[in-house]
2 protein chains.
Amino acid sequence: MSWQNVLSENGYRVSGPRRYVMQLLESNAQPMTPLEIYQALSESGRPLGIVSVYRALELLAELGLVCMVYNPDGSAGYVAGAGGHHHHIVCQNCHRAIAFAGSEDLSSLIQRVEKETKFHVSDHLLQLYGICPDCQKALADAVEEN
Amino acid sequence: MSWQNVLSENGYRVSGPRRYVMQLLESNAQPMTPLEIYQALSESGRPLGIVSVYRALELLAELGLVCMVYNPDGSAGYVAGAGGHHHHIVCQNCHRAIAFAGSEDLSSLIQRVEKETKFHVSDHLLQLYGICPDCQKALADAVEEN
DNA sequence: GACCTTATTGATAACTTTTTTCATTAAGCT
DNA sequence: AGCTTAATGAAAAAAGTTATCAATAAGGTC
Ligand SMILES: [Zn+2]
Ligand SMILES: [Zn+2]
Ligand SMILES: [Zn+2]
Ligand SMILES: [Zn+2]
């Protein structure tokens with residue numbers, strides 16, 4: 001189901017700002033802050049109030065159409081969400097964030113921790129950090145040049 | 001090594017504000033925001049500028065003595081860090097955060113994702129969410145009363 | 001313990017980010 | 001095309017964070 005349909009079927013309108021924000025995030029793998037989104041859209045001739053960016057993000061996040069990605073330094077940004085349970089792997093060099101399916105097997109870990117802490121685990125947050133293929137290549141080339 | 005020693009050995013002084021913040025976080029399992037820390041300390045007769053809270057947290061985080069815990073809603077707070085590689089499990093009811101050792105086995109997951117995405121994985125962020133033993137009991141009791 | 005040096009603090013102000021308010025606009029429906 | 005009302009934009013308020021600099025106190029020396 002397209003994000004337009006998700007909006008409609010939940011009784012929300014497919015408005016300009018929502019479309020701009022969604023399309024921008026879909027076209028850009030780097031997580032973006034509200035301000036960055038506002039600036040990018042303004043520069044590309046899609047003037048909208050920054051307030052609308054905040055409101056669009058709030059709604060899109062609620063509907064699971066975008067999600068937050070945390071950087072190791074604690075800063076965070078939004079990326080277009082893949083829908084369903086998934087996680088992101090983030091490049092520490094170019095900050096690109098790629099989703100990977102949540103079919104991971106954490107069950108043995110979760111069982112161990114449940115036994116250890118007596119907690120009941122029902123959810124989790126997982127992100128991987130590393131270097132993307134492009135940056136691996138770029139970094140390797142840079143070394144060669146020396 | 002105690003956090004006092006970590007400060008000293010890195011050339012930092014064990015000052016009042018740093019002590020206040022560290023002791024508060026050590027005595028409180030719930031992640032706290034800078035403002036919450038400031039208010040709690042003010043109320044308990046340890047007046048300090050909120051600026052000092054920010055500065056203390058920045059330094060303590062850099063030294064790995066405190067760390068950030070993310071709530072499912074995107075908000076975040078600081079808890080006293082256990083040192084070394086570890087993660088937190090957070091109670092969705094009382095927000096208590098307990099550390100668990102990072103001896104988890106994510107290697108098969110990481111290998112799968114590396115193959116899938118061609119990324120080189122070098123780090124990760126993992127948090128579990130659930131219900132702590134106390135809250136399990138409290139919630140069960142609440143049901144019985146009906 | 002008194003004294004010295006200098007890292008650290010606190011108060012203020014500046015700045016950034018987020019939320020509120022409300023009149024105006026436009027999305028979706030008929 | 002016209003209607004209804006959700007959604008937007010501009011401005012202001014509120015909240016959160018960072019910068020500045022004189023005053024303070026931590027840690028070392030005598
Ligand atoms: Zn990269
Ligand atoms: Zn998962
Ligand atoms: Zn609990
Ligand atoms: Zn780990």
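Lettering of chains follows the sequences in order, A, B, ..., and the numbering in each one begins at 1. Since the model is a prediction, treat every value here as computed from it, not as a measurement.
Taking both residues in full, the closest heavy atoms of A/Ser8 and A/Val14 are given as OG-CG2, 4.0 Å, listed atom of the first, atom of the second, then distance. When all heavy atoms of B/Cys67 and B/Gly81 are compared, the pair lying nearest together is SG-CA, 4.1 Å.
Side-chain contact of A/His124 with B/His87: a donor-acceptor pair under 3.5 Å is absent, judged by distance alone.
Annotation: proximity of residues 19-31 of chain A to DNA chain C (heavy atom, distance under 4.0 Å) is found for no residue.
To the nearest 0.5 angstrom, A/His88 atom NE2 is 13.0 Å from B/Leu125 atom CG.
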Short N/O separations, protein against nucleotides 8-11 of chain D, under 3.5 angstrom:
unit_1 : atom_1 : unit_2  : atom_2 : d
D/dT8  : OP1    : A/Ser15 : OG     : 2.7
D/dG9  : OP2    : A/Gly49 : N      : 3.2
D/dG9  : OP2    : A/Ser52 : OG     : 2.3
D/dG9  : N7     : A/Arg55 : NH2    : 2.7
D/dG9  : O6     : A/Arg55 : NH1    : 3.3

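The nucleotide range of DNA chain C contacted by chain A, defined by atoms under 4.0 angstrom from heavy atoms of the protein and reported 5' to 3', is C/dT17 to C/dG28.
What separates CE of B/Met32 from C1' of D/dG16 is a distance of 16 Å, to the nearest Å. In this structure, the CZ atom of B/Arg13 is 9 Å from the P atom of D/dG28, given to the nearest Å.
Each end of the helix from C/dG1-D/dC30 to C/dT30-D/dA1 gets its own axis, taken as the rotation carrying the C1' atoms of four end pairs onto the next four within a five-pair window, and the two axes meet at 50° to the nearest 10 degrees.
Under the 4.5 Å side-chain criterion, counting only non-hydrogen atoms from C-beta, B/Ile98 is not in contact with B/Cys132. Side-chain contact check for B/Leu126 versus A/Leu109: some heavy-atom pair is nearer than 4.5 Å. With a 4.5 Å cut-off on side-chain heavy atoms, A/Arg55 and A/Arg18 do not count as touching.
Residues passing the side chain to side chain contact (heavy atoms under 4.5 Å, CB included) test with A/Asp123, sequence neighbours excluded: B/Gln92, B/Tyr129. Every residue two or more places apart in sequence or in another chain was checked for a side chain to side chain donor-acceptor pair (under 3.5 Å) with A/Glu114, and none qualifies.
The 5' end of DNA chain D is approached more closely, in terms of each residue's nearest nucleotide, by B/Leu35 than by the other of B/Leu35 and B/Val14.
Not one N or O on the side chain of A/Ser75 forms a donor-acceptor pair closer than 3.5 Å with the backbone of A/Asn71.
Partner of A/Leu25 under the side-chain contact (heavy atoms from CB on, under 4.5 Å) criterion, chosen from A/Leu65, A/Val66, A/Leu60: A/Val66.
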